[in-house]
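None of these values were measured; they are calculated from a predicted model. Proteins get letters first, then strands, A, B, ... in listed order; numbering begins at 1 in each.
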Protein chains: 2
Amino acid sequence: MPEIARKPRLAQSASRPVPEACVTRLSWYMRELHLLQLRGVRFVSSRWLAKHLGLTDAQVRRDLSYFGQFGTSGRGYEVIRLHERLRSILGVSGRTWNLALAGVGNLGSALLAHEGFRERGFRFRVAVDADPGKIGERIQEITVASAARLPQLTRSHSIDIGVIAVPALAAQKVCKQMVQGGVRAILNFAPVRLEAPENVRVRTVDLAMELESLTFHLVRGAG
Amino acid sequence: MPEIARKPRLAQSASRPVPEACVTRLSWYMRELHLLQLRGVRFVSSRWLAKHLGLTDAQVRRDLSYFGQFGTSGRGYEVIRLHERLRSILGVSGRTWNLALAGVGNLGSALLAHEGFRERGFRFRVAVDADPGKIGERIQEITVASAARLPQLTRSHSIDIGVIAVPALAAQKVCKQMVQGGVRAILNFAPVRLEAPENVRVRTVDLAMELESLTFHLVRGAG
DNA sequence: CACTGTGAATGCATTCACAGCG
DNA sequence: CGCTGTGAATGCATTCACAGTG
């Protein structure tokens, strides 16, 4: 039966395996749409977004198509609507996510104060440190608690995401405590791979590693 | 001419298009090898590395094979030798990279103090801020200078990599000044896409975006 | 007409599977 | 043997190219 199979015309928009790189780009689109919205622009084309983000227009359309159909033929995408839809897809629409910080050192303190988190719907509710000298200190409306209390505090404050900014050697222990406390995801700044149950999502940001990926390219092609 | 083209049998080990994801993994291997070295382990197999880093053994071997042949059949890789070789590939062997920081706010100060940078061969030589109140302040052996002096300071200190920790609206301007000063790469913490000449490598780390990629997964499958 | 949404084609990255070596 | 190094196979992600739509 070598006939051309009839189009299944399935009620797509359901579930396709969304590439991880696409998820990252959703945030880019959101940022750009937010700016357009502030500037009062009402419609934007995939071509325009692509140009401003260093992508191809096909890529933009493909990325969005994983989640449904938002565009209007001949006009493009309605800025406000798409922006709101992306916020909802990324889970940052109409809610706040609770964070717990472990490690109130230089980096930890900076994260507590980071405006970008608050602006985008993330709020620290808990901060702990192993150094007794820091306990009781108030930073950004949060009182630093003892590291030993991390599991209980995590649970009692309904923490969604744990943020780890402790030395490498202490990170795995802290990770375990956060998992005990019921976090569903962890953002880790310690330079180690963390072991966690697979229903807990872990993302590691190793700052020195970011620099190493730059130097790799610098020592190769001088261009 | 539907013949099978003859194998070119090129003198490999030269240049193959190294996947960007592989570059990231080289840093992981380095970290792991460093630990093994401290523990006095002399040989390690691709299997062992893979297990500890959440990869497959084939992946490890393939990654390393982009840069030559380091292993011994039946024994694995000599820890010290491979570690040193990776340091050299990533450009962090026997040299220090000079950094300039723009933006001495919470995040900027934390980066200046970040031990991980120093340990892995990165050293801040210059720090500037737009706030006159901060100029002259000393942080970690560095005196904060006026933002206006960024291009000259970048050049006079032979800065290799610029680090941007200023608000989004100021980032593009700072980027341009760093390029003027002759940096070859930029690590950007401002939540904007930077425009730079293509011979200047830019890497952006948007902290809130890291959280968004976590929440995306949290709001979808509960698992 | 300008633009979206998407099958099909292409191009990368990962994995398989095994020849070859110490 | 055990383990590397690597062609070939597979599996993903991106791009092409165009039918379809307001």
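Applying a 4.0 Å cut-off to non-hydrogen atoms, the residues of residues 70-79 of chain B that approach DNA chain D are B:Phe70, B:Gly71, B:Thr72, B:Ser73, B:Gly74, B:Arg75, B:Gly76, B:Tyr77, listed by residue number. Heavy-atom distances under 4.0 Å link DNA chain D to A:Arg25 of residues 24-31 of chain A, given in residue order. Within residues 32-49 of chain B, the residues approaching DNA chain D are B:Ser45, B:Ser46, by heavy-atom distance under 4.0 Å.
Side-chain nitrogen and oxygen atoms of A:Arg61 include none within less than 4.0 Å of the OP1 or OP2 phosphate oxygen of C:dG5. Here B:Gln69 reaches the OP1 or OP2 of D:dT6: one of its side-chain N or O atoms lies under 4.0 Å away.
Residue B:Asp57 contributes atom CG, which lies 12 Å from atom C1' of D:dG2 at whole-angstrom precision. To the nearest angstrom, P of D:dT4 lies 11 Å from CG of B:Leu82. The nearest whole Å value for the distance from the CD atom in B:Glu20 to the C1' atom in C:dA13 is 13 Å. Atom pair A:Gln59:CD and C:dG11:P shows a separation of 16 Å (rounding to whole Å applied). Here the C1' atom of nucleotide C:dA13 and the CG atom of B:Asp63 are 10 Å apart, to the nearest Å. As a whole-Å value, the separation of B:Leu55 CG from C:dT15 C1' is 12 Å. The nearest whole Å value for the distance from the CZ atom in A:Phe67 to the P atom in C:dT6 is 13 Å.
Contact detail for A:Leu218 and B:Ile161: the closest heavy-atom pair is CD1-CG1, 4.2 Å. When all heavy atoms of A:Ile186 and B:Leu214 are compared, the pair lying nearest together is O-CD1, 3.8 Å.
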Between the protein and nucleotides 8-10 of chain C, are there any N/O to N/O pairs under 3.5 Å, and if so, what are the atom names and distances?
unit_1, atom_1, unit_2, atom_2, d
C:dA8, N6, A:Arg62, NH2, 3.1

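Applying the side chain to side chain contact (heavy atoms under 4.5 Å, CB included) rule to A:Pro167 yields no partners; only residues at least two apart in sequence or on another chain are considered. Looking at residues two or more places apart in sequence or on another chain, you find a side chain to side chain contact (heavy atoms under 4.5 Å, CB included) between A:Ser93 and A:Glu84, A:Arg87, A:Ser88.
For the ring pair (Phe, Tyr, Trp, His ring centres under 6.0 Å) condition, the pairs that include at least one residue of residues 74-94 of chain A, sequence neighbours left out, are A:His34-A:His83. Counting only residues at least two apart or on different chains, no salt bridge (Lys or Arg N to Asp or Glu O under 4.0 Å) pair has a member in residues 104-115 of chain B. Listed by first and then second residue, the salt bridge (Lys or Arg N to Asp or Glu O under 4.0 Å) pairs involving residues 89-111 of chain B are B:Arg95-B:Asp160 (not counting sequence neighbours).
Open room surrounds CZ on B:Arg201; 12 or fewer heavy atoms of other groups in view lie less than 6.0 Å from it. Within a 6.0 Å sphere centred on CG of B:Leu38, other residues, nucleotides and ligands contribute more than 12 heavy atoms.
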Side-chain polar contacts of residues 41-56 of chain B - donor-acceptor pairs under 3.5 angstrom, sequence neighbours left out - could you list them?
unit_1, atom_1, unit_2, atom_2, d
B:Ser45, OG, B:Arg47, N, 3.4
B:Ser45, OG, B:Trp48, N, 3.1
B:Ser46, OG, B:Arg61, NH1, 3.1
B:Thr56, OG1, B:Gln59, N, 3.1

Result block: side-chain N/O donor-acceptor pairs under 3.5 angstrom for residues 119-127 of chain A, not counting sequence neighbours:
unit_1, atom_1, unit_2, atom_2, d
A:Arg120, NE, B:Glu212, OE2, 2.9
A:Arg120, NH2, B:Asp206, OD2, 3.3
A:Arg125, NE, A:Asn98, OD1, 2.7
A:Arg125, NH2, A:Asn98, OD1, 3.2

Please tabulate, one pair per line, all N/O donor-acceptor pairs under 3.5 Å involving side-chain atoms of residues 107-114 of chain A, not counting sequence neighbours.
unit_1, atom_1, unit_2, atom_2, d
A:Ser109, OG, A:Gly105, O, 2.6

Take B:Cys175 and B:Asn188, measure what side chain to side chain contact (heavy atoms under 4.5 Å, CB included) needs, and give me the verdict at the end.
CA-CA 9 Å; B:Cys175 169; B:Asn188 170 42; over 6 Å; no

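Of the candidate nucleotides C:dG5, C:dT14, C:dA17, C:dG5 has the atom nearest to the side chain of A:Ser65.
A donor and an acceptor atom, one from each side chain of B:Arg203 and A:Ser213, are located under 3.5 Å apart.
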